[in-house]
Protein chains: 2
Amino acid sequence: MRHILIIGAGKSTGVLVDYLLNKSTEEELRLTIADKDISHATRLCNNHPNATAIELDVFDQKERTDRLKQADIVISMLPARFHIEVARDCVELGIHMVTASYVSPEMQELDSEAKKKNLVLMNEIGVDPGVDHMSAMRVIDKIRDKGGKVILFESFTGGLVAPENDDNLWNYKFTWNPRNVVTAGQGGAAKFIQEGKFKYIPYHRLFRRTEFLDVEGYGRFEALANRNSLKYMEVYGLENVLTLYRGTMRRVGFSRAWNMFVQLGITDDTYQMEDSKDMSYRDFINSFLPYSPTDSVELKMRLELKIDQDDIMWSKLLELDIFNDEKKIGLENATPAQALQKILEDKWTLQPGEKDMIVMYHKFGYELDGEKNQIDSTMVCLGDGNEQTAMAKTVGLPVGMAALRILNGQIKTYGVQIPILKEIYEPILKELEAYDIRFREIETPYLGYNALHL
Amino acid sequence: MRHILIIGAGKSTGVLVDYLLNKSTEEELRLTIADKDISHATRLCNNHPNATAIELDVFDQKERTDRLKQADIVISMLPARFHIEVARDCVELGIHMVTASYVSPEMQELDSEAKKKNLVLMNEIGVDPGVDHMSAMRVIDKIRDKGGKVILFESFTGGLVAPENDDNLWNYKFTWNPRNVVTAGQGGAAKFIQEGKFKYIPYHRLFRRTEFLDVEGYGRFEALANRNSLKYMEVYGLENVLTLYRGTMRRVGFSRAWNMFVQLGITDDTYQMEDSKDMSYRDFINSFLPYSPTDSVELKMRLELKIDQDDIMWSKLLELDIFNDEKKIGLENATPAQALQKILEDKWTLQPGEKDMIVMYHKFGYELDGEKNQIDSTMVCLGDGNEQTAMAKTVGLPVGMAALRILNGQIKTYGVQIPILKEIYEPILKELEAYDIRFREIETPYLGYNALHL
């Protein structure tokens, strides 16, 4: 039996465990699922004979290394900042490791040591990052193999509510960490390149510089720029690309409405408000509007945002009940972003039985034999219920598939890796299709940034 | 002879030196002016028999302490971050010290040791902070002495170009550090309190939440909120005040126009642009606008900012020549703010002979015998030419006056001080009047935030 240690029994771990347990007899796998709360781990084991739940304090070095020593491969499903200690132990003890998180500088430092010991430290193999890398590199390599030159790459991902449960005016519900949604785009200007020109968008304009994307069978979406697209020049070997733009997908109209919050300043996560605990939703909103002895919060808000009462934007605000004078924020020393999250969670929390959706859209422009061409690649993954969410599937499955392939010696490139090599993405993308996670690649006329009708 | 050591022969030091040298015979003063470039110090000495110029590297501890030992008082006119080493030496060696800068936490730590040794470390005794503290505390103490209770305090200062040289569309020229002007308001939301309600304004809305102020003889100004007004509750002992608001004054229309830069994101000082050295002014602006194969930078700018060609805002942009395709930014690895500063310096640099102006406006609302009253206190100081600028006078004179009074034992409150005590502000405000720096205090009906016409 080969021994897989999975640390962290969070949201995406269920799908991962099911995938591996289904293969456990045939592949001779023995799983240990570790969590600081053993009940989470026990639930995921589901009494399967090849799975054991254990309690593990990942900060207890002795306990951690004792557990690691028994494993042939470790999968860390912990929050990203906790991977590094596990990774250092893995390199020390000669154990492979898999995570779905971005490669941190500390992780990268382990590269040469891992190579020396013939170890794979596979990272960024969830959905975004992960499935995006794999599906993009498949097309980029295909273009290169034909002798083409990539001149444009745009890539968009959205975690959204499935159409059947898309029933609020914002066309949005929280399908992953709400905090990341509220603070999305903060921490610096968005940077990208279009037709050879570097472009910068400040946070407070980000939600007004969207573009539309149509996905067959799913209608129209909008996309807003991610923070730094430029680093993907190096990651994907696209140093001479003219356009490189990565973004986040939402349903049309979300960004325009979210911009109201940005403009008010209520997405700010950098300072604590006075007296946030006893503040009503209405008080909270009023803190960002000018004082008036006579005008209502509603009137001041409409003037500040320059919207009429019959504007759908106004209806979106009312739907969130943000002018309620009785509901309290109820959080000590809350930042504006934390208070806003509280208000949104009242309305945007996915209810039992409701389903999520992951949408991905890549555009590749390339030159071949003097002609410009374009490939559009799209993927939609729907959740199947509360455990088998689209998010859990698109994270948990590629993680499991990568772990098994490393264990079986099918991934032979050692060191700190991300899934951009053919030996990794080709079989995994193929296997994902069995789980209905498939990309539809179509050749279209090159659209790029041509002016079609002057 | 008493020995005064002045470190740093910068912009405001000339007025300070002239003030002290004029008193040097009568008061038996001997001045040493130290600068890392001795020529700056020599020029300020102006061959006066009571002044000596020396070269001093303030980071050379031996040289620094050798010089300090010979002084009875030290005035540091260095940039704020360089005061602390001098201050520590002063406390160690038992020498008084004066600066015009905000008290840093490290400076505050010297308080008890300075008190033990009967030393005065006087800070924040320039114009803002400085003259603002003194003129505000005089009125606040007057209200308290009558038995009144302060319910509102608003305080505004502006460093502007004098009316006779106010000849561009922005009604603005750089009269002090341009960098601070370009980045003003950044680094967190503005915080204040109005009628008992805490209010927050994010940076990108700051320049749209102005109020008007009329100064007799000088017309109308506008004010925008400073970053954190709340800390003045403690500084001025106004813990129960209902309104506390500090701001910066500009001529009307400046903020609305400056907001165009804020909206574009070109005041950002947190990241370096690609290829800033060879970038034209036009390229720079275009980096913040969407790509288009056909539309001009001008058209995109007007659409982005939603302004018409005959809007005065547009004329203000053209006046700065920001669409010029030949003028280069010429700075390596410039932040957007640095590039913008370069463009503005072409047009907003005070020319030889041009004069500056300092304007200050305080409003005090108070309750006395059940009635609400208001005092408005205003001050305008005009520069007299290139050396005797309003900025240099309003900084250099109170610094000199405080130093002399400490030397003469007329300031008896020891420790780390700011000029909020009567023994300090009363004689200094009186002496400043001889230099035409005087406040006009008028009683007016309480305006506060009453709704006058519903």
Side-chain angles (χ1 to χ4, degrees), chain A residues 187-206 208-211 225 227-228 230 242-243 245 261-268 270-276 279 283-284 286-295 304 306 335-336 448-454, chain B residues 187-206 208-211 225 227-228 230 242-243 245 261-268 270-276 279 283-284 286-295 304 306 335-336 448-454:
Chain A
K191 299 172 192 172
F192 52 94
I193 185 167
Q194 280 177 312
E195 295 290 324
K197 308 262 189 201
F198 290 103
K199 297 289 183 184
Y200 308 91
I201 308 179
Y203 173 64
H204 61 269
R205 293 295 301 164
L206 196 58
R208 301 309 297 126
R209 291 269 292 270
T210 53
E211 59 179 89
R227 201 167 135 203
N228 186 1
L230 300 182
L242 294 175
T243 297
Y245 183 102
F261 298 150
V262 174
Q263 291 310 309
L264 280 185
I266 65 177
T267 61
D268 197 323
T270 64
Y271 66 92
Q272 297 176 343
M273 303 184 74
E274 306 283 332
D275 198 26
S276 59
M279 187 181 267
D283 294 334
F284 170 62
N286 198 17
S287 305
F288 300 91
L289 295 168
Y291 175 82
S292 163
T294 53
D295 302 328
E304 188 74 10
K306 297 199 166 58
T335 65
Y449 287 89
N450 294 308
L452 295 177
H453 305 289
L454 283 185
Chain B
K191 300 172 192 173
F192 52 94
I193 183 167
Q194 280 177 312
E195 295 290 324
K197 307 263 190 200
F198 290 103
K199 296 289 183 183
Y200 308 91
I201 308 179
Y203 172 65
H204 62 267
R205 293 294 300 162
L206 196 58
R208 302 309 298 128
R209 290 270 292 271
T210 54
E211 60 178 89
R227 201 168 136 203
N228 187 2
L230 300 180
L242 294 175
T243 297
Y245 183 103
F261 297 150
V262 175
Q263 290 311 309
L264 280 184
I266 65 177
T267 62
D268 197 322
T270 64
Y271 66 92
Q272 298 176 342
M273 303 184 74
E274 306 285 331
D275 198 26
S276 59
M279 187 181 265
D283 294 334
F284 170 63
N286 197 18
S287 305
F288 300 91
L289 295 169
Y291 175 82
S292 163
T294 54
D295 302 328
E304 189 74 9
K306 296 199 167 58
T335 66
Y449 287 90
N450 293 307
L452 296 176
H453 306 287
L454 282 185

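A note on names: the letters A, B, ... follow the listed sequences, proteins ahead of strands, and every chain is numbered from 1. Keep in mind that what you see is a predicted model, and the values were worked out from it rather than measured.
- The pair B:Lys191-A:Glu274 fails the salt-bridge criterion, with no side-chain N (NZ, NE, NH1 or NH2) lying under 4.0 Å from an Asp/Glu carboxylate O.
- For a residue to count as touching a neighbouring chain, one of its non-hydrogen atoms must lie under 4.5 Å from one of that chain's; by this rule A:Leu230 touches chain B with the side chain only.
- Contacts of A:Asp275 with chain B are absent, with no heavy-atom separation under 4.5 Å from either backbone or side chain.
- Residue with the most contacts toward chain A among B:Ile201, B:Leu289, B:Thr270: B:Leu289 (heavy-atom pairs, distance under 4.5 Å).
- Between A:Phe288 and B:Tyr200, the ring-plane angle classifies as tilted under the 30° and 60° cut-offs.
- Closest of all the heavy-atom pairs between B:Pro202 and A:Gln263 is CG-O, 3.6 Å.
- Chain B forms more heavy-atom pairs under 4.5 Å with one residue of A:Pro336, A:Ser292, A:Pro290, A:Ala189 than with any other, namely A:Pro290.
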Tell me, with the steps shown, if A:Glu304 and B:Arg209 meet side-chain contact (heavy atoms from CB on, under 4.5 Å). CA-CA 10 Å; A:Glu304 188 74 10; B:Arg209 290 270 292 271; 3.9 Å; yes
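- Distance alone, capped at 3.5 Å, is enough to place a donor-acceptor pair between the B:His204 side chain and the A:Val262 backbone.
- Separation of atoms CD (A:Gln194) and OG (B:Ser287) is listed at 11.5 Å; rounding is to 0.5 Å.
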Intermediate values then yes/no, side-chain contact (heavy atoms from CB on, under 4.5 Å), A:Lys199 and B:Tyr291: CA-CA 8 Å; A:Lys199 297 289 183 184; B:Tyr291 175 82; 4.0 Å; yes
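- Here the CG atom belonging to B:Asp283 is positioned 6.0 Å from the NZ atom belonging to A:Lys197, to the nearest 0.5 angstrom.
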